[in-house]
Amino acid sequence: MDFSLSEPEVELVALCRDFARNEIARRAPAAWDDARCPTDLLREMGRLGLLGMLVPEDWGGIGMSTVGFVAAMEEIGLADQSVAAAWQAHVTIGSLPLLLFGNDEQRQRWLRPLAEGRALGAFGLTEPDAGSDARGISTRAERRDGGWVINGRKTFISNAGTDMSFGVTLLARSEPADATAPRYASFVVEKDTPGFTMGPKMRGIGWRGLDTRDLYFDDVWVPDEHLVGDPDLGLSQFLRTLEVGRISIAALSLSLTQAVLDLATGYARHREQFGQPISKFQAVQFKLADMATELEAARWLTYRAASLRDSGQPFQKEAAMAKLKASRLATWAASEAVQIHGGLGYMLDTPVARFYCDAKVLEIGEGTNEIQHMVIARALGC
Ligand SMILES: Cc1cc2nc3c(=O)[nH]c(=O)nc-3n(C[C@H](O)[C@H](O)[C@H](O)COP(=O)(O)OP(=O)(O)OC[C@H]3O[C@@H](n4cnc5c(N)ncnc54)[C@H](O)[C@@H]3O)c2cc1C
């Protein structure tokens with residue numbers, strides 16, 4: 001296996017490194033403190049082509065490989081996890097349903113503005129009574145007046161409520177009332193559609209810059225042109241989209257782990273106790289050595305899943321493994337990095353504390369780690 005980057009991938013990484021160091025690292029912490037989504041930064045990323053990362057040039061994107069996306073994430077996420085979270089949600093689950101399952105008219109109307117960085121995409125699956133159990137959703141779409149009427153509620157939906165958001169691609173039950181089995185279809189609902197409202201921005205432990213909200217659908221009528229993909233295969237379309245999202249969360253986890261490893265190493269080399277830098281104590285050295293080793297292992301899994309996708313091979317199991325391994329590592333490494341910082345690491349003014357807060361959700365979003373275990377076990381034939 002050779003995951004060395006091609007020339008366009010190397011150029012992309014350099015661009016992301018530059019923007020992450022000069023702009024994101026400088027401006028994003030204030031947005032985290034104010035719990036505000038920094039759409040100014042996301043718009044600038046759009047102008048650099050970064051919001052159309054996985055979308056072909058024909059539809060306004062830059063047609064980057066998944067490996068290139070992972071490598072770019074390693075730079076963006078190192079600077080700030082909320083910006084990286086909003087960006088990756090847009091690039092994967094926010095845009096891919098339209099790319100993979102939409103028709104050309106829909107791609108032109110909704111995907112192109114997303115890929116060109118003029119709008120932010122959102123993915124509406126989770127509901128108050130249906131998270132891991134996606135089949136259990138109760139949002140309904142009924143055929144009426146040459147279109148569909150949608151009723152229900154979604155929760156924890158990212159990127160739907162910013163000043164850049166275009167609306168949401170959501171999943172709803174679509175079988176007629178007398179049907180015996182459930183059917184699922186996905187629809188685009190644009191913001192400002194009558195009956196579509198939102199709750200306030202939710203307050204998380206971390207990812208404080210990410211805009212996440214409840215969405216309400218009260219007799220929302222959309223025409224047939226808003227149905228995305230196969231009218232009966234909406235659930236499998238959404239689950240396939242999440243597989244790419246898992247690679248993306250794994251990449252986000254790599255970037256967080258690298259960030260806390262760098263911070264902890266730098267701090268340990270300068271903080272002196274008992275007359276010497278704490279990096280001279282074996283207990284501290286072993287934590288750092290473990291972090292670095294586990295990070296390398298998680299990196300291989302993540303690039304492997306990405307490269308399988310790029311070569312058109314199945315990658316479901318590998319994406320689940322990468323997400324499981326990398327997110328567990330991120331929460332553990334963030335905790336150890338705070339430990340190495342001692343009391344200072346507990347203070348929210350320090351970057352390591354913010355990364356610690358940002359880490360936990362990596363084990364929850366895009367399918368909890370228990371769900372990743374189930375996906376892997378199923379692939380093993382259990
Ligand atoms: C910051 C944030 C952003 C998000 N953004 C989005 C978004 O943009 N779009 C979207 O649709 N969703 C989004 N989500 C929702 C996220 O995908 C769900 O929170 C996640 O899938 C888990 O669902 P749940 O919260 O309902 O937990 P539950 O499904 O209720 O799970 C609770 C616990 O039970 C465990 N569990 C459940 N079933 C099983 C089982 N069969 N075996 C073993 N354990 C099980 C889970 O692993 C978990 O530990 C977001 C969530 C957060 C926190």
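First listed ligand is number 1; within each ligand, the first listed atom is number 1.
Residue contact check for ligand 1: Lys154 places no non-hydrogen atom closer than 4.0 Å to it.
At a threshold of 4.0 Å, the pair Glu74-Arg299 counts as salt-bridged, since one of the basic side-chain nitrogens sits closer than that to a carboxylate oxygen.
Asp104 and Gln108 form no side-chain donor-acceptor contact under 3.5 Å, judged by distance and modelled atom types alone. Side-chain atoms of Asp290 and Trp332 include no donor-acceptor pair closer than 3.5 Å. Residues Ser165 and Asn159 bring no donor and acceptor atom of their side chains to less than 3.5 Å of each other. Checking Gln81 against Ser255 by side-chain atom types alone, a donor-acceptor pair falls below 3.5 Å. Checked by atom type, the side-chain pair Glu127/Thr139 shows a donor-acceptor distance below 3.5 Å. Between the side chains of Asn369 and Ser327, a donor-acceptor pair is found at a separation under 3.5 Å. Counted by atom type alone, Asp211 and Thr162 present zero donor-acceptor pairs between their side chains at under 3.5 Å.
Distance check on atom 30 (O) of ligand 1: every protein heavy atom falls at or beyond the 4.0 Å cut-off. Within a 4.0 Å radius of atom 4 (C) of ligand 1, the protein has at least one heavy atom. Atom 14 (N) of ligand 1 is approached by the protein to below 4.0 angstrom, counting heavy atoms only. The nearest protein heavy atom to atom 35 (C) of ligand 1 is not closer than 4.0 Å.
In this comparison of Thr368, Leu170, Thr212, the heavy atom closest to atom 22 (C) of ligand 1 sits on Thr368. Of the listed residues (Ser132, Gly245, Gly365), the one carrying the non-hydrogen atom nearest atom 37 (C) of ligand 1 is Ser132. Taking each of Gly131, Ala85, Gly94 in turn, the one with a heavy atom nearest to atom 23 (O) of ligand 1 proves to be Gly131.
Counting heavy atoms of neighbouring residues, nucleotides and ligands inside a 6.0 Å radius, atom CD of Gln313 exceeds 12 of them.
Side chain of Glu243 to main chain of Phe315: no donor-acceptor pair is present (N/O by atom type, distance under 3.5 Å, no hydrogens or angles). Listed for the Lys287 side chain is no donor-acceptor partner under 3.5 Å among the backbone atoms of Ala264.
The protein atom (non-hydrogen) at minimum distance from atom 51 (C) of ligand 1 is Phe156 CB, 3.7 Å. Distance from atom 52 (C) of ligand 1 to its nearest protein heavy atom, with residue and atom name: Val361 CG2, 4.1 Å. The shortest contact between atom 40 (C) of ligand 1 and any protein heavy atom is with Met374 SD, 3.8 Å. Scanning the protein for heavy atoms near atom 39 (C) of ligand 1, the closest one is Ile371 CD1, 4.4 Å. Atom 9 (N) of ligand 1 has as its closest protein heavy atom Phe123 O, 2.8 Å. At the top of the distance list for atom 20 (C) of ligand 1, counting protein heavy atoms only, stands Ile364 O, 3.6 Å.
Annotation: Thr155 places no N or O atom under 3.5 Å from an N or O atom of ligand 1; distance criterion only. For a threshold of 3.5 Å applied to N or O pairs, the pair formed by Ile157 and ligand 1 contains no separation below that value. Considering backbone and side-chain N/O of Ile93, none are found under 3.5 Å from N/O of ligand 1. For the pair Ser158 and ligand 1, the shortest N or O to N or O distance falls below 3.5 Å. Any N or O atom pair closer than 3.5 Å counts here, and Glu370 shares at least one such pair with ligand 1.
Residue Thr126 touches ligand 1 through backbone and side chain together, judged by heavy-atom distances below 4.0 Å. With a 4.0 Å cut-off on non-hydrogen atoms, Glu366 touches ligand 1 through its backbone and not its side chain. At a heavy-atom cutoff of 4.0 Å, ligand 1 is contacted by both the backbone and the side chain of Leu125.
Nearest heavy atom pair, residue Trp207 against residue Trp32, reads N-NE1, 4.0 Å.
In this structure, the side chains of Glu190 and Val188 come closer than 4.5 Å at one or more pairs of heavy atoms.
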